[in-house]
Amino acid sequence: MPWPPIELPPVVGYTGPIMEQNQTTNPASTHWADINADKILRSRRLEQDQQAPTYVCASGITPSGTVHIGNFREIISVDLVVRALRDKGAKVRFIYSWDDYDVFRKVPKNMPKQEELETYLRWPITLVPDPYGKEKSYARANEVAVENLLVKVGIQPEYLYQADKYRASEYAQGMRTALEHRNTIRDIMNEFRSEPLPTDWWPVSVFSSFTNKDTTTILGWDGEWGLTYRCDETRKEETLDLRTTPYAKLPWRIDWPMRWAHEGVDFEPAGKDHHSEGGSFDTSKKICKAVYGVEAPVTFQYDFISIKGRGGKISSSSGEVVGLDDVLEVYTPEVTRYLFAGTRPNTEFAISFDLDVIKIYEDYDRCERVFYGIDTINEKKREKEVRIYQLSQVHEPMEAQPLQLPFRHLCNLLLIMNGDVQRAVRAFPEVGDLEEQGLLTEGWWEYAQNRARCAWNWLHSFAPEDFVFQVKSGTEDPEDLGAVYGAEAVDQARKAFHALSAMADTFETIEEKPLQDRLYNIARDAGLEPKDFFEILYRVMVGKTKGPRLAGFLKTLGAQRVRTILAPYF
RNA sequence: GGGCCGUUAGCUCAGCUGGUAGAGCAGCAGACUCUUAAUCUGCGGGUCGAAGGUUCGAACCCUUCACGGCUCACCA
């Protein structure tokens, strides 16, 4: 189906102050974010006269390609816990670590300039150029994309750039400590390895200053700051001073605990791939204690996310990934947060792009009505729903229940209005009334616009064919209805159309129910079975045998449009 | 081989810090001159994977087992 080219306003990003603290939080909340917040608070025993500490919550990933929605689960999980901590009155530092000093291992298939990128393999991603030529590096391009999106869902951590820190030798002492505990670290890692690390293994790695690649061999350490390596490609040797060199770094399983100690991290969750015995969290935890002398942070494991209902559009095997941007095309920021806030982190769930989308929006709306006390359910459930709603918000919730735009109905109105957001929203009768009374705030219009845009995107890209229709403009040639319904039926339909046009002026004032009754009468007066009349009318109006409930549909279209559509058939 | 998670109504799941088993969908019955996975009203339906244990009381805690899934032992 051809879609009219519609210029939609972009989803509005959130620019005001972030929602910081919620005074109404029930301290006994059993929401998983609150339970974890309590766990974090308990992990630091405070002496009587000790000042309230700042709790450090951390998250981070390697920006080595497009950041996908699975990665997003980690950062939103931390964000929710951070909110829970702040709601409990704790001071929190929320850090997000871009591991942009990691090695560029593989060129993702969805990147342009594949051949040029190939030449940078084994370099640190912070030195690989941005194939789009906009940012100062490949890593930075991926980072910027995510940082901009996170603002829209109300997540604003303090970003730490590991490449900058390593290259400025901020971790010189951390690396030296690792070297001093070389054997301890090797023993810990060997506990779980199938093949033990070789005797000439070193707990640091080096990028060659001659080639920028990590293809180097460490030859020795002087017991202080001097590290000697050989560049495998050029066979050149060099001694670096850890206090000044930009080239040294720690491998992952040592880098992680070193940073926990360096930043004093109190909480960091990790994916299930890290959370096995002998996995990276496990060995990092041991190294953290044995080498850096501090306890590993409180953690939990979050499960993977799958995608449902993008059949045919993007196959996951083609290497194309679903990112936060894709999710925000269909789900508003609040509903996106709702998906994660309402699901325990250690359960796998699917983000749906099919008909489930409607249900998710309906669930969210119900949650909102519970929050505002419109819908009543038992107290225990109410508390849980209220908490989920709070945690889903990007802005402060409004004082009273804002006017809801049910997703399904909004979809129909958008289809009737050919994607015109303003007209679709105003087709809700309540909108005009509330606007006159000055009860629709700017925030509400933002909500309406975001939701309408998501609905339109969904209709455009993912809704089943049965679900969508397009109102005929009245300029098309009349269809050859006679072949299908017979000349007599068409003749009768013509009569009915006349009658319908004649009463079109009453659309604005008549109730749906009486209008519906009139339609049946019109059909029978013209000698048609109502069923056939409806079918022919739908064919004329939307080119299909079915469509939106007629009474409401006609009222929404209005007398003028209905006449225009019917005119060619007189 | 180790670890983690799951097993609750026909289906998808909720039930979280032990207190009489819940929701949605499906099903059945009724209503609407009716049409979007139509709408509204009502109803039924579960030895909570199995066996033991702790407890006044267990879907929930402990032990063992069965089945399913994921993950680690290479890199991050």
Side-chain angles (χ1 to χ4, degrees), chain A residues 28-36 38-39 60-65 99-106 125 162 189-197 205 214 249-256 270-284 300-304 306 308 342-350 352 354-360 362-363 366 377-378 380-381 383-385 388 408-409 411-412 415-416 463-469 512-513 515-524 529-531 533-535 537-538 542 544-553:
Chain A
S29 163
T30 57
H31 189 276
W32 61 264
D34 293 312
I35 289 172
N36 279 286
D38 283 333
K39 207 168 156 189
I61 65 153
T62 303
S64 60
D99 297 334
D100 47 12
Y101 209 34
D102 287 352
V103 178
F104 190 48
R105 292 198 159 69
K106 203 172 77 182
I125 51 176
Q162 295 306 325
M189 309 249 291
N190 279 345
E191 275 181 51
F192 304 99
R193 291 177 65 94
S194 48
E195 278 178 41
L197 292 161
S205 54
D214 73 336
K249 67 170 297 222
L250 291 170
W252 165 243
R253 284 177 191 238
I254 308 163
D255 174 71
W256 207 10
K272 63 196 305 186
D273 46 340
H274 297 289
H275 263 284
S276 284
E277 191 169 290
S280 59
F281 192 93
D282 195 47
T283 53
S284 294
F300 63 69
Q301 172 184 315
Y302 56 88
D303 211 316
F304 296 145
S306 53
K308 181 165 170 267
T343 312
R344 288 206 305 283
N346 63 351
T347 36
E348 188 177 341
F349 77 100
S352 296
D354 56 15
L355 280 167
D356 287 354
V357 171
I358 297 173
K359 185 179 184 312
I360 302 289
E362 283 173 356
D363 286 350
R366 201 180 66 91
I377 52 177
N378 82 54
K380 210 169 176 181
K381 282 183 184 167
E383 280 176 10
K384 184 64 75 66
E385 292 284 303
I388 289 170
R408 182 191 202 89
H409 192 42
C411 282
N412 279 329
L415 289 165
I416 293 169
E465 196 134 323
D466 285 354
F467 200 90
V468 297
F469 58 86
E512 280 195 30
K513 184 80 176 160
L515 175 55
Q516 192 75 38
D517 293 342
R518 289 292 302 276
L519 292 172
Y520 281 91
N521 289 331
I522 286 173
R524 278 188 293 258
E529 281 298 312
K531 194 171 157 47
F533 172 59
F534 285 130
E535 222 177 284
L537 190 51
Y538 280 123
V542 298
K544 298 164 66 164
T545 56
K546 289 180 174 182
R549 279 175 173 264
L550 263 182
F553 188 30

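Residue numbers start from 1 in every chain, and the chains themselves are labelled A, B, ... in the order their sequence lines are given, proteins ahead of strands.
Classified by interplanar angle (parallel below 30°, tilted 30° to 60°, perpendicular above 60°), the ring pair A/Phe553/A/Tyr538 is parallel.
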Practice task
Check the pair A/Asp255 / A/Lys249 against salt bridge (charged side-chain N to carboxylate O under 4.0 Å, His left out), numbers first and verdict last.
Solution key: CA-CA 8 Å; A/Asp255 174 71; A/Lys249 67 170 297 222; over 6 Å; no

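Here the separation of B/G19 from B/A59, taken at their C1' atoms, is 13 Å to the nearest Å. The same atom, C1', is picked in B/G57 and in B/G1; the two are 41 Å apart, to the nearest Å. For the C1' atoms, the distance linking B/C40 with B/C32 amounts to 8 Å, nearest Å. Between B/C61 and B/G18, the two C1' atoms lie 8 Å apart (nearest whole Å). Atom C1' of B/G10 sits at a distance of 9 Å from the matching atom of B/G45, rounded to the whole Å. For the C1' atoms, the distance linking B/U20 with B/C60 amounts to 15 Å, nearest Å. For the C1' atom pair drawn from B/U8 and B/A58, the interatomic distance equals 14 Å after rounding to whole Å. Rounded to whole Å, the separation between the P atoms of B/A14 and B/A23 comes to 16 Å.
Contacts of A/Leu550 with the nucleic acid, taken as non-hydrogen atoms under 4.0 Å apart, include base atoms. A/Ile358 comes within 4.0 angstrom of a nucleotide base, judged by non-hydrogen atoms across all strands.
Between the side chains of A/Arg253 and A/Thr283, at least one donor N or O lies within less than 3.5 Å of an accepting N or O. Under 3.5 Å, the side chains of A/Asp303 and A/Thr347 contain no donor-acceptor pair of N or O atoms.
The side chain to side chain donor-acceptor pair (under 3.5 Å) check on A/Lys39 picks up nothing, with sequence neighbours excluded.
Looking only at distances, a side-chain donor or acceptor of A/Trp32 sits under 3.5 Å from a matching main-chain atom of A/Thr343.
Considering CD1 of A/Ile125 and OG1 of A/Thr62, their distance stands at 6.0 Å, rounded to 0.5 Å. Here SG of A/Cys411 is found 9.5 Å from CZ of A/Phe469. Values are rounded to the nearest 0.5 Å. Rounded to the nearest 0.5 Å, atoms CG (A/Leu197) and CE (A/Met189) are 5.0 Å apart.
Atoms CZ (A/Arg408) and C1' (B/U39) sit 10 Å apart, rounded to a whole Å. In this structure, A/Tyr302 atom OH and B/C5 atom P are separated by 17 Å, rounded to whole Å. Atoms CG (A/Asp356) and P (B/C11) sit 18 Å apart, rounded to a whole Å. Atom CG in A/Leu519 sits about 14 Å away from atom P in B/U33, given to the nearest Å. The CD1-C1' distance, from A/Ile35 to B/G15, rounds to 13 Å in whole Å. Rounding to whole angstrom units, NE2 of residue A/His409 and C1' of B/U35 are separated by 15 Å. Rounded to an integer number of Å, the gap from NE2 of A/His31 to P of B/U17 is 13 Å. In this structure, CD of A/Glu362 is placed 16 Å from C1' of B/U12, rounded to the nearest angstrom.
The distance between the ring centers of A/Phe300 and A/Phe281 does not fall below 6.0 angstrom.
Note on A/Arg518: every side-chain N or O is 4.0 Å or more away from OP1 and OP2 of B/U33.
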Problem - Footprint string (nucleotides 69-76 of chain B, 5' to 3'): B base within contact, S backbone only, - free, heavy atoms under 4.0 Å - result: -SBSSSSB

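The strand RNA chain B forms stems, runs of 3 or more Watson-Crick or G-U wobble pairs with distances below 3.5 Å, at B:1-7 with B:66-72, B:10-13 with B:22-25, B:27-31 with B:39-43, B:49-53 with B:61-65.
Mapping A/Thr347 and A/Lys359 onto RNA chain B by nearest heavy atom places A/Thr347 closer to the 5' end of the strand.
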